[in-house]
Amino acid sequence: EAQVTQNPRYLITVTGKKLTVTCSQNMNHEYMSWYRQDPGLGLRQIYYSMNVEVTDKGDVPEGYKVSRKEKRNFPLILESPSPNQTSLYFCASSPRDRANYGYTFGSGTRLTVV
Amino acid sequence: AQSVTQLGSHVSVSEGALVLLRCNYSSSVPPYLFWYVQYPNQGLQLLLKYTTGATLVKGINGFEAEFKKSETSFHLTKPSAHMSDAAEYFCAVSETTGNQFYFGTGTSLTVIP
């Protein structure tokens, strides 16, 4: 089944403790992206990757890191999480022509930073 | 840059009534247009999309949307709401060049029995 898999689904952590949210897709998509979803703000892009070893900042990159060492994986790293990073996170992927195709989304990771 | 406006962050309809969720975009150049649905505790699923061709687009679960260039709109409709339609709905637009994607802030649909 074609899918984007995120782990974990739920995560509670403490301020300053490094964490990684994993994202993997099995569709050989070139493009991958991370979004955060907050009430009233919709989806805001954090980082995206056009292909292996090519990443760039989205609209809200502060406090986040990403890497794209393999085509299928695009982990999101929070080096020192803070409470304002409490949010619902989505990974998404798309083939090169995402304007025409749209995104496939993962099921989300609900992160709480206390 | 594009902007996407979804009028009404919360919409309530009775079961069996018409569903109308509004979406307007800002570009003078017609973009590609999408509607996504997010059921509770799930990710976003593609409901329907308009790229080229017929301006009335049919999607899954009986939803459809019509692209109206003169109104820069892409409103989502369903003739008869079901309880299972209760979800968050996101409109998204994509430029035909540059591959940027822009989401609206979402509309939460409640279906009243």
Side-chain angles (χ1 to χ4, degrees), chain A residues 1-11 21 23-25 27 29-51 54 56-60 87-111, chain B residues 1-10 21-25 27 29-53 57 59-60 65 67 74 76 87-108:
Chain A
E1 180 188 354
Q3 60 185 355
V4 176
T5 303
Q6 288 179 235
N7 280 297
R9 289 293 307 274
Y10 301 91
L11 179 59
V21 183
C23 174
S24 180
Q25 51 96 2
M27 296 164 283
H29 284 168
E30 288 83 4
Y31 186 90
M32 297 185 75
S33 182
W34 277 102
Y35 287 87
R36 60 178 289 173
Q37 182 182 8
D38 301 290
L41 298 177
L43 280 80
R44 295 179 293 168
Q45 190 176 48
I46 303 171
Y47 268 96
Y48 63 94
S49 169
M50 302 287 283
N51 214 325
V54 181
D56 208 345
K57 297 177 180 179
D59 298 318
V60 289
S87 186
L88 180 59
Y89 292 87
F90 288 103
C91 181
S93 75
S94 177
R96 191 185 310 272
D97 181 18
R98 68 185 172 283
N100 193 19
Y101 181 88
Y103 283 128
T104 300
F105 282 85
S107 297
T109 297
R110 186 167 294 281
L111 172 65
Chain B
Q2 287 268 7
S3 70
V4 182
T5 303
Q6 291 185 239
L7 280 175
S9 57
H10 298 276
L21 304 181
R22 300 177 186 275
C23 174
N24 289 86
Y25 61 91
S27 175
V29 177
Y32 295 152
L33 299 153
F34 304 80
W35 275 100
Y36 284 85
V37 59
Q38 183 183 24
Y39 297 106
N41 298 315
Q42 295 186 27
L44 282 73
Q45 303 173 33
L46 182 64
L47 201 53
L48 51 79
K49 65 179 180 181
Y50 168 79
T51 54
T52 58
V57 180
I60 60 173
F67 166 55
F74 191 56
L76 182 71
E88 185 101 20
Y89 292 81
F90 291 92
C91 180
V93 304
S94 176
E95 296 171 344
T96 54
T97 59
N99 277 331
Q100 280 294 92
F101 228 80
Y102 304 90
F103 285 91
T105 53
T107 297
S108 178

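Fair warning: this is a prediction, and the values are worked out from it, not measured in the lab. The chains referred to below are lettered A, B, ... by the order of the sequence lines, with proteins before strands, and numbering in each begins at 1. Basis for what follows: all heavy atoms, side chains included, without hydrogens, waters or symmetry-related copies.
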Test side chain to side chain contact (heavy atoms under 4.5 Å, CB included) on Phe101(B) and Tyr31(A) and set out the steps.
CA-CA 12 Å; Phe101(B) 228 80; Tyr31(A) 186 90; over 6 Å; no
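Interface remark: Tyr89(A) contributes no atoms to any contact with chain B (heavy atom separation under 4.5 Å). Gln37(A) touches chain B through its side chain: at least one heavy atom from C-beta onward sits under 4.5 Å away, while N, CA, C and O do not. Only the side chain of Arg9(A) comes within contact range of chain B, with heavy atoms under 4.5 Å apart. With a 4.5 Å cut-off on non-hydrogen atoms, Gln38(B) touches chain A through its side chain but not through its backbone.
Rounded to the nearest 0.5 Å, atoms CG (Asn41(B)) and OH (Tyr10(A)) are 4.0 Å apart. Rounding to the nearest 0.5 Å gives a distance of 13.5 Å between CD of Gln42(B) and CZ of Phe105(A).
Ring pair Tyr103(A)/Tyr36(B): centre-to-centre distance not below 6.0 Å.
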